[in-house]
Each structure stands twice: as C-alpha cells, then as structure tokens.
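The first residue of the sequence shown is numbered 1, and numbering continues consecutively from there.
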Amino acid sequence: MRAVFNVGKFLIILLVAWLIVLVFLTGPLLRNNESEEALAKKLLETQGEVSALKKERDYLKKSLRDNSGDTHDVLNENVHEGPSKEYENYRRRAFRDTQELWFFARAKLDSLIKDKSKVEQKVPEILSELEAREQSVLIDLEKLKENDGFDSWREAEARDLSALVQARLHFLQNPDNCGEARKLVCNLNKGCGYGCQIHHAIYCFLVAYGTERTLILKSKGWRYNKKGFQDVFLPMSETCTDPEGSSKSGWPGKESTQVVELPIVDSVNPRPPYLPPAVPADLVERIERLHGDPIVWWVSQFLKYMLRPQPHLKEMLDTTVNNFNFEHPIVGIHIRRTDKVGTEAAFHPVEEYMKYVEEWFRKEELTHPDVKRRVYVASDDPKVLGECRKKYPDIEFLGDQNVAKSAAVSSRYSDSSLRGVIQDIHMLSITDYLVCTFSSQVCRIAYEIMQQNHVDASNRFKSLDDIWYYGGQDEHQQEAVLGHHQVHHGEIELEVGDVLGVAGNHWDGFNKGRNHRTNRVGLYPEYKTKEKLRIVEFPTYEKVKVSNL
C-alpha cells in the first residue's frame, strides 16, 4: 500500500513540475508580446495535460479500491498513521503482564523462604496462578499478532510460497523426456516402520531436488502394500517412472551419469549437503520471515507433494472425519507403547499426556469459557482409549480401537495397518494442538503435515521427550545472543556469538549441547540463544513459474 501511495505522490509532484515548466514556457511569450491567441493555445494544451494526469490519478485510486476492497482515499492517507489503538493496547498489556508475572513469582518465592509451613499446599497454588498468568501473556501476544495488520499478508505469502515449491517439485518430477532425464533411484523398502520409511523417502526427495534429478521411488513389493506406493498415493510422476538409463552408478555418480542410486541415509557417503536442517538459500528469507521453524516447513512441503492421496484414500479419510463428527477445538495425543517402550523411548503414563491437554484447554477457556474439551487418541495399544475415558469422564475422547489393534507388532505390516496409521496421522495433523513423543516418527510426520494446515504451526505441540529432529540429519545448531556464566553444576559458559550443537531440550528452561568454541558439553538457558539456520545453495529452478502448475 505504501508503494501505491508513493506512486500517487509521484503523480502530484509531476503535476507541480509541469506547472513550473509552464512558467518557463510562457515567460518568453509575455516578454516577446506574443498574441493572446498563442498564449491561450499554450494554456489549453497545459490544461489537457493536467486533465490527463488527473485521469491517471483517478484510475490508480479506483484500481486500488477494487484490489483491496478499501474505499478510503489511499493517496490522501498519512503514511505515518502508525499502529492501531488495539495493537498498542495489547503491546502494553503484554509488557505489563510479563512484569506482573515476575512480581508475583518473586513475592511468592520470598514468602516461601520466610514461611516454610504448608509448602505442599502453597506450591500447587502458586503453580496454578503462574500458569494462568503465563497463559494471559500468551493471549496478549496472540492478540498483538491479530491486530498488527499483517494477517492477510501472512496467509497470502503462505499460499504463494507453498505454490512455488509445489510447482518446482512438479517440474522436477515431470521431465519432458524421461529417456534423457537425469534420475535418482531410491528404494522405499527400508527395514523399518511406516513413519521411518516415509522419512527415508523424503530424504531421497530432498537429495533429488538438490541434484536436479527426477526421483524414481521403487516400491514394488512394499511391505505395507505389495502393489506399491502408487496404489495408496498418487504416483510421484506423470511422465517418468522408468528407473533405467544409458548410464548408472551408485551415489554420488557424475554430473553426466543419467541414473544414480541413493543408499539409506545411515550409509550414504559422501553426505549430501541437502540433508536437514539445510534450508535453500534462495527461499530462506521468505521461509524464516513466515514460519517459526523453517526446516519443519521445508520438510512439510515435500510431504505435501509425496503424500497426495489416491481418490479411494481421500474418500476414506473424509469419511473418517465425518463419522467422528470432528469439531474444533480439539487436541490430538499419540501414545506410543509396544516395541518403542524400553528401547527407543521411555514409558509415559496417560496422566502425563493429559497434563498438557488440560493445560491447553485451560488457556482456551480464558477467552472461550464454554469450550468443549475434545481429544483425539492415537495409539498402538487398544486399551489406551478406554483408560482415557475412564480416568477423564468429562472429556470427549475420539479414537478407533481397531486401528490400535492393527498397529500391534504382529499385524503391523498389513493393508489394514497401513490404512490405520495413515488415518491416525491425518487425524492428528488436523487437530489444533499435538501432545506426543517426538521420538516417534509417526508423531513427527503428523506435526510436519500439520504445518500445511496453518500459516505457522511451529508452536502447536508438546513433546514429552525429544525436540523435533530428522533421522540422519546434520547437526542442529543455535547461536548465543546473551552471555552465560555457570551457576550450577553441569552448566556451560556462553559468550555472545558462540555456536552450540544442540543435543536436546530438557523442557525446564535449559538445553543440552556442545559449545563449539570451548568444546564443552553441558546445559545452557534456551532463552539466551537463537536458532542458527544451515543455509545451503539449492538449485533455484529459474524456469519454473507458479502459473505453470
């Protein structure tokens, strides 16, 4: 809008400049005593020019109204109008409520130090009040965003950016001449479960994008569906599915090699530079501006293309949503048991998941007191749904025990199991908030797909164990923005600018990681760091225009 205002301002300046020129043109006429007819002719010509400029201005104003739906005269709008009253009020409230949170915490802790009686009674009361105050600050910040005037821009940018990436992927996967196209061949049948296999295929897709090779996904005899991946999801290509070529080699091959076969990420050598958390240099500014976790958004776009459902699968998913009478707001929980517990993950009781579910709903109830508490339950243990309903009778739980039964280790690699896990991932991804363990690939995929349903869903989760990661990824890094001196045993010192390799978040305000400068491993405060993106030069696909899709 500011750019349009400047154009209008330019037209007015142009008009003034023309009048100045007029003075210079008519000056000699007056001095030379030219006839009144000649002078009148010049004035008429000038009036014509002025009239044309006015028409240009009026057309510009009309176009602006048509495009924005705003009947306000933007050309007369003061560009220094400033933020709205609502925005400024919420900004001040956020500041005030943050201060009040600290005042409350300090006063209550001081009181506990002075009077240690009934600590067991006082601490829960303090925690409850701290939660309410923290949630109030979060609501202030949400309202601040809603009133900053940029929601329309965010939504449009999210659509445009996604459309651009999808157009590039479509272009990559549909070469004009498959016989001459350079290809990257990847075998879907990695020896692991569904979530792991899908992430393996996405790793292949990322490398294909980075090397400008059409991905050929070999899936015949897939352990989940013997007919192959394309029996469940749309084919990766409409024009090129043949894995053969005039020359073939293992990774990395040569630029001239037509067909390159890519091994699993665990054994790939040399490692491609395109592995997560790499984000493309040509898009990073747009992604980082739009989304709170750029690598998650980037991965989600590849899932969006790869997991386009066949019509029969889409019909099944739509029917499931309708049969559950799925309504918002709703929280999704994924409770993984069976083979994961005791090997890759610890056991977490239902109460631990529900602690964060109830906390989320209490925040909702601050602004919507009559909200209905609903939870979608996904699990590989059929007893979990009944346990939830018994322990929390005031909450409406949705779930399918048959899906849980099919997820058992004994029947996991079957057609019904495949439909079940796809259903659970889909249902979890369309909830408003996700509580799960990120040690589970199913949970991470649901979170990744969730990004497609919102402009920025990076904070719509609570993991009971790991932070989000991608199996086989390169090091996740942060950069210190504030210094830190060791206060307690196990902490490490930070200087501004230190690079930290992140090992995990302890969900208590501290991360664990390695300081590259000192090579020390230990704990450090999360708030004293920022994410350090790994920016990589990917191909820019200059030939691709969004209109081509």
Side-chain angles (χ1 to χ4, degrees), residues 153-186 198 201-217 229-230 233-243 245 251-260 262 272-291 293-309 448-449 451-456 470 533-549:
W153 173 85
R154 293 184 186 99
E155 292 171 4
E157 176 69 353
R159 288 193 302 270
D160 293 347
L161 195 52
S162 178
L164 175 60
V165 176
Q166 295 304 306
R168 289 181 178 185
L169 295 177
H170 184 270
F171 174 83
L172 174 69
Q173 288 302 113
N174 293 278
D176 292 333
N177 188 335
C178 185
E180 296 180 0
R182 298 192 315 139
K183 306 169 187 178
L184 188 75
V185 176
C186 176
I198 294 302
I202 294 297
Y203 140 72
C204 296
F205 206 1
L206 288 164
V207 176
Y209 181 94
T211 56
E212 293 185 277
R213 291 179 175 273
T214 300
L215 177 63
I216 307 296
L217 192 62
F229 183 83
Q230 65 278 2
F233 301 101
L234 294 178
M236 293 291 293
S237 176
E238 300 164 10
T239 66
C240 192
T241 58
D242 183 4
W251 174 262
K254 298 179 180 178
E255 186 75 16
S256 59
T257 306
Q258 186 179 3
V259 179
V260 172
L262 187 67
Y274 313 110
L275 301 179
V279 287
D282 68 313
L283 298 178
V284 65
E285 287 192 11
R286 294 180 67 181
I287 301 173
E288 186 179 12
R289 188 181 183 193
L290 180 71
H291 198 273
D293 200 336
I295 182 55
V296 175
W297 184 92
W298 182 235
V299 167
S300 79
Q301 292 303 305
F302 286 77
L303 281 166
K304 183 176 183 178
Y305 186 94
M306 181 174 284
L307 300 185
R308 296 164 299 154
E448 291 152 14
I449 295 175
Q451 309 310 310
Q452 302 164 18
N453 303 322
H454 305 271
V455 171
D456 182 0
Y470 200 94
L533 297 179
R534 184 165 174 266
I535 302 171
V536 171
E537 293 292 339
F538 281 78
T540 56
Y541 293 89
E542 295 294 337
K543 294 181 180 179
V544 176
K545 307 298 179 185
V546 174
S547 59
N548 290 344
L549 189 59

Please name all residues satisfying side chain to side chain contact (heavy atoms under 4.5 Å, CB included) with [X], sequence neighbours left out, ordered by chain then number.
{"X": "Pro539", "answer": "Glu212, Tyr541"}
{"X": "Gln230", "answer": "Ser219, Pro235"}
{"X": "Glu255", "answer": "Arg182"}

So, for [X] and [Y], which heavy atoms are closest and what is the spacing to 0.1 Å?
{"X": "Val536", "Y": "Pro273", "answer": "CG2-O, 3.6 Å"}
{"X": "Ala181", "Y": "Thr214", "answer": "CB-OG1, 4.5 Å"}
{"X": "Leu234", "Y": "Pro309", "answer": "CG-O, 3.8 Å"}
{"X": "Gly253", "Y": "Val260", "answer": "CA-CG2, 4.2 Å"}
{"X": "Cys178", "Y": "Thr239", "answer": "CB-O, 3.6 Å"}

With a 4.5 Å heavy-atom cut-off, do [X] and [Y] have their side chains touching?
{"X": "Tyr470", "Y": "Val296", "result": "no"}
{"X": "Leu275", "Y": "Leu206", "result": "no"}
{"X": "Ile287", "Y": "Leu161", "result": "yes"}
{"X": "Val165", "Y": "Trp297", "result": "yes"}
{"X": "Ile295", "Y": "Arg534", "result": "no"}
{"X": "Trp251", "Y": "Thr211", "result": "yes"}

How far does [atom1] of [X] sit from [atom2] of [Y], to the nearest 0.5 angstrom?
{"X": "Gln451", "Y": "Leu303", "atom1": "CD", "atom2": "CG", "result": "10.5 Å"}
{"X": "Leu217", "Y": "Thr241", "atom1": "CG", "atom2": "OG1", "result": "11.5 Å"}
{"X": "His454", "Y": "Arg154", "atom1": "NE2", "atom2": "CZ", "result": "15.5 Å"}
{"X": "Arg159", "Y": "Leu164", "atom1": "CZ", "atom2": "CG", "result": "14.5 Å"}

Sequence neighbours excluded, which residues qualify as ring pair (Phe, Tyr, Trp, His ring centres under 6.0 Å) partners of Phe302? Phe205, Tyr209, Trp298

Does Asp176, at its CG atom, have more than 12 non-hydrogen atoms belonging to other residues, nucleotides or ligands within less than 6.0 Å?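 For Asp176, atom CG is not crowded (no more than 12 foreign heavy atoms under 6.0 Å).
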
Around atom CZ of Arg289, are there more than 12 heavy atoms of other residues, nucleotides or ligands at under 6.0 Å? no

Out of Leu172, Leu262, Leu184, which residue meets the side-chain contact (heavy atoms from CB on, under 4.5 Å) rule with Arg213? Leu184

In a table with atom names and distances, give each donor-acceptor pair under 3.5 Å that connects a side chain of residues 276-286 to protein atoms at least two apart or in another chain.
from: Asp282; atom 1: OD2; to: Arg168; atom 2: NH1; distance (Å): 2.9
from: Asp282; atom 1: OD2; to: Arg168; atom 2: NH2; distance (Å): 2.9
from: Arg286; atom 1: NE; to: Glu157; atom 2: OE2; distance (Å): 2.7
from: Arg286; atom 1: NH2; to: Glu157; atom 2: OE1; distance (Å): 3.1
from: Arg286; atom 1: NH2; to: Glu157; atom 2: OE2; distance (Å): 3.3

Could you walk me through whether Lys183 and Asp242 pass side chain to side chain contact (heavy atoms under 4.5 Å, CB included), step by step? CA-CA 9 Å; Lys183 306 169 187 178; Asp242 183 4; 4.2 Å; yes

Could you tell me whether the side chain of [X] and the main chain of [Y] form a donor-acceptor pair under 3.5 Å?
{"X": "Gln173", "Y": "Leu215", "answer": "yes"}
{"X": "Tyr305", "Y": "Met236", "answer": "yes"}
{"X": "Ser300", "Y": "Gln452", "answer": "no"}

Only counting residues at least two apart or in another chain, list the ones meeting side chain to side chain donor-acceptor pair (under 3.5 Å) with Gln301. Ser162, Gln166

Given the rule in the side chain to side chain contact (heavy atoms under 4.5 Å, CB included) test, do Val455 and Leu290 qualify, once you have shown the distances and angles that lead to the verdict? CA-CA 7 Å; Val455 171; Leu290 180 71; 3.7 Å; yes

